[in-house]
Novice: 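Input: one structure, supplied below.
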Amino acid sequence: MAFTGIPLEALDFYEDLENDNSKSFWVAHKEVYERCVRAPLEALAQELAPEFGAGKLFRPYRDVRFSKDRTPYKTHQGVYFADSALYLHVFAGGLMVAGGYWHTDAAQVARLRSAVADDMTGPQLRRTIQAVEAARITVHGEQLTRVPAGYSKDHPRADLLRYKSLTGQREFGSPGWLTTRRTRTEVGRAWRSLSPLIGWLDHHVGRSTQSRG
């Protein structure tokens, strides 16, 4: 199946699911999910694969075993490209793309802080973030409320030292091109803008078998 765009019915499906997150709704509208959400995203993932690696669609079902929220279905459909540490999802608000390290173990956090504190690699990260943000991508991540122990609160990159993970994301919403093949072009362009950040993370922090990104 060739990718032709993401139907607006996909957004409507998730808007309705937010209002009625029940098995009865899902069963009654599963055909809409398969046709308007799963099939287009599988086709998009296949077309992006030659450049960004294989994409994996996440399960639409929530793991509610340890959650107070017992709603059974996710209100978005995500696709993760593990080889490139890239991600996208479709939800009621439209399309969102992202990339970076979402989950980091203790060793990765230590390497991140060491690279941030270094007077060569730290400023490089600052410039990288500025370049990524110039492409209308928001950089953020899990943060401590204070500078971690062992580092001065007056460090010139104290703000970056507080990060335990780093990601960039951009919400496109639902522009006119969402229903066309141009979506593939826009996703690829945004991901290429993220590549300097992911490259810095890959080189100075490194992937972990304990995390997805």
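Predicted model only: the values in this text are computed from it and were never measured. Just so you know, residue 1 is the first one in the sequence shown, and it goes up from there.
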Novice: Would a 4.5 Å heavy-atom cut-off, applied to side chains only, mark Arg184 and Leu48 as touching?
Specialist: yes
Novice: When you look at Lys74 and Tyr61, which way does the side chain to side chain contact (heavy atoms under 4.5 Å, CB included) test go after all the steps?
Specialist: CA-CA 6 Å; Lys74 297 174 183 175; Tyr61 313 106; over 6 Å; no
Novice: Give a yes or no on whether the backbone of Gln124 and the side-chain of Thr128 come within a donor-acceptor separation of less than 3.5 Å.
Specialist: yes
Novice: So, the side chain of Ser114 versus the backbone of Arg111: is there a donor-acceptor pair under 3.5 Å, distance only?
Specialist: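 Not at all, since once roles are kept as given, no pair shorter than 3.5 Å links the two residues.
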Novice: Write down the atom of Val79, the atom of Ala45, and the distance for their closest heavy-atom approach.
Specialist: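 Looking at all heavy atoms of both residues, the shortest contact is CG1-CB, 4.2 Å.
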Novice: State, yes or no, whether a side-chain contact exists between Leu41 and Ile6 at a heavy-atom distance under 4.5 Å.
Specialist: yes
Novice: Using the ring centroid of each side chain, check whether Phe25 and His29 are separated by less than 6.0 Å.
Specialist: yes
Novice: For Asn21 and Thr71, indicate whether the former's side chain and the latter's backbone hold a donor-acceptor pair under 3.5 Å.
Specialist: no
Novice: So, for Ala158 and Lys153, which heavy atoms are closest and what is the spacing to 0.1 Å?
Specialist: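 Heavy-atom minimum between the residues: CB-O, 3.7 Å.
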Novice: Given Trp191 and Glu51, is the side chain to side chain contact (heavy atoms under 4.5 Å, CB included) satisfied, shown in steps?
Specialist: CA-CA 10 Å; Trp191 280 353; Glu51 182 175 356; over 6 Å; no
Novice: Report the distance from atom OG1 of Thr185 to atom CD of Glu47, rounding to the nearest 0.5 Å.
Specialist: 9.5 Å
Novice: Within the 4.5 Å heavy-atom criterion, are Leu144 and Lys164 side-chain neighbours or not?
Specialist: yes
Novice: Over all heavy atoms of both residues, which pair between Val97 and Ala190 is shortest? Give the atoms and the distance, please.
Specialist: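 Looking at all heavy atoms of both residues, the closest pair is CG2-CB, 3.8 Å.
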Novice: Determine whether His155 and Val147 satisfy the following criterion, side chain to side chain contact (heavy atoms under 4.5 Å, CB included), listing intermediate values before the conclusion.
Specialist: CA-CA 9 Å; His155 192 282; Val147 175; 5.7 Å; no
Novice: Report all side-chain donor-acceptor pairs from residues 81-91 shorter than 3.5 Å, counting only partners two or more places apart or in another chain.
Specialist:
| unit_1 | atom_1 | unit_2 | atom_2 | d |
| --- | --- | --- | --- | --- |
| Ser84 | OG | Phe52 | O | 2.5 |
| Tyr87 | OH | His89 | ND1 | 2.9 |

Novice: Does Ser165 reach the main-chain N or O of Gly141 with its side chain, forming a donor-acceptor pair under 3.5 Å?
Specialist: no
Novice: Just how far is it from atom CG of Leu161 to atom CD of Gln143, taken to the nearest 0.5 Å?
Specialist: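 Reported to 0.5 Å precision, the distance equals 11.0 Å.
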Novice: Would you confirm whether Glu42, through its side chain, and Ala39, through its main-chain N or O, come within 3.5 Å as a donor-acceptor pair?
Specialist: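 Judged by distance alone, no pair lies under 3.5 Å.
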Novice: Are any of the side-chain heavy atoms of Thr4 and Thr180 separated by less than 4.5 Å?
Specialist: no
Novice: Between CG of Leu95 and OG of Ser174, what distance do you get to the nearest 0.5 Å?
Specialist: 10.0 Å
Novice: Any ion pair linking Arg126 and Asp159 (charged N to carboxylate O, less than 4.0 Å)?
Specialist: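 Salt bridge: yes.
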Novice: If you count the non-hydrogen atoms of other residues, nucleotides and ligands that lie under 6.0 Å from CZ in Arg35, is the total more than 12?
Specialist: yes
Novice: Above 12 or not: heavy atoms from other molecules or residues under 6.0 Å from CZ of Arg136?
Specialist: no
Novice: Could you check whether any side-chain N or O of Ser193 sits under 3.5 Å from a backbone N or O of Arg189, counting only pairs where one atom can act as donor and the other as acceptor?
Specialist: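 Present.
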Novice: So, does Gln77 use its side chain to make a donor-acceptor pair with the main chain of Phe58 at under 3.5 Å?
Specialist: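 Confirmed, Gln77 side chain pairs with Phe58 backbone.
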Novice: How many angstroms lie between CG in Leu166 and NE2 in His140, if you round to the nearest 0.5 Å?
Specialist: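 Reported to 0.5 Å precision, the distance equals 10.0 Å.
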Novice: Any link between Trp200 and Val139 through a network of hydrophobic side chains (Ile, Leu, Val, Met, Phe, Trp, Tyr) touching at under 4.5 Å?
Specialist: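 Yes, because Trp200 and Val139 connect within a single hydrophobic cluster, where side-chain heavy atoms sit under 4.5 Å apart.
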Novice: Say whether Leu57 and Leu44 are linked into one hydrophobic cluster, either directly or through other cluster members, by side-chain heavy-atom distances under 4.5 angstrom.
Specialist: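 Yes, it is one cluster - the side chains of Leu57 and Leu44 are joined through contacts under 4.5 Å.
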Novice: Please find the pair of heavy atoms, one from Cys36 and one from Pro7, that lie closest to each other, and give the distance.
Specialist: O-CD, 3.5 Å
Novice: Should Leu112 and Val109 be regarded as members of a common hydrophobic cluster, given that ILVMFWY residues are connected when their side-chain heavy atoms come within less than 4.5 Å of each other, either directly or indirectly?
Specialist: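 No, no single cluster joins them.
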Novice: Would you check if Met96 and Gln169 make a side-chain contact, meaning some heavy-atom pair closer than 4.5 Å?
Specialist: yes
Novice: Whether the side chain of Thr167 engages the backbone of Gly100 through a donor-acceptor N/O pair (distance < 3.5 Å, no angle test) should be reported.
Specialist: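 The answer is no, because no donor-acceptor pair under 3.5 Å joins these two groups.
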Novice: Taking the six-membered ring for Trp and the single ring otherwise, decide whether the centroids of Phe13 and Trp26 are under 6.0 Å apart.
Specialist: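 They qualify: ring centres under 6.0 Å apart.
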Novice: Surrounding CE of Met120 (heavy atoms of other residues, nucleotides or ligands, distance under 6.0 Å), is the total greater than 12?
Specialist: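 For Met120, atom CE is not crowded (no more than 12 foreign heavy atoms under 6.0 Å).
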Novice: Could you check if a side-chain atom of Leu201 sits within less than 4.5 angstrom of a side-chain atom of Leu125, using non-hydrogen atoms only?
Specialist: no
Novice: Taking only residues two or more places apart in sequence or in another chain, which ones pass ring pair (Phe, Tyr, Trp, His ring centres under 6.0 Å) with Phe172?
Specialist: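 Residues passing ring pair (Phe, Tyr, Trp, His ring centres under 6.0 Å) with Phe172: Trp177.
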Novice: Before giving the answer on side chain to side chain contact (heavy atoms under 4.5 Å, CB included), spell out for Asp202 and Arg207 the whole-Å C-alpha distance, their side-chain angles and the decisive distance to 0.1 Å.
Specialist: CA-CA 6 Å; Asp202 284 345; Arg207 307 291 179 90; 2.7 Å; yes
Novice: Which residues pass the side-chain hydrogen bond (donor to acceptor under 3.5 Å, both in side chains) test with Asn19, sequence neighbours left out?
Specialist: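 None.
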Novice: Measure from the side-chain N and O atoms of Arg62 to the backbone N and O of Tyr73, and report whether any donor-acceptor pair falls under 3.5 Å.
Specialist: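 No; judged by distance alone, with no hydrogens or angles, the pair does not exist.
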Novice: Between Asp118 and Arg113, is the closest basic N to carboxylate O distance under 4.0 Å?
Specialist: no
Novice: So which atom in Val37 and which in Ala10 form the shortest heavy-atom distance, rounded to 0.1 Å?
Specialist: CG2-CB, 3.8 Å
Novice: Return the CG to CG distance between Asp12 and Leu17, rounded to the nearest 0.5 Å.
Specialist: 12.5 Å
Novice: I'd like to know whether CZ of Arg181 has more than 12 heavy-atom contacts from other residues, nucleotides or ligands below 6.0 angstrom.
Specialist: yes
Novice: Quick one: CG on Leu11 to CG on Asp16, what's the gap to the nearest 0.5 Å?
Specialist: 11.0 Å
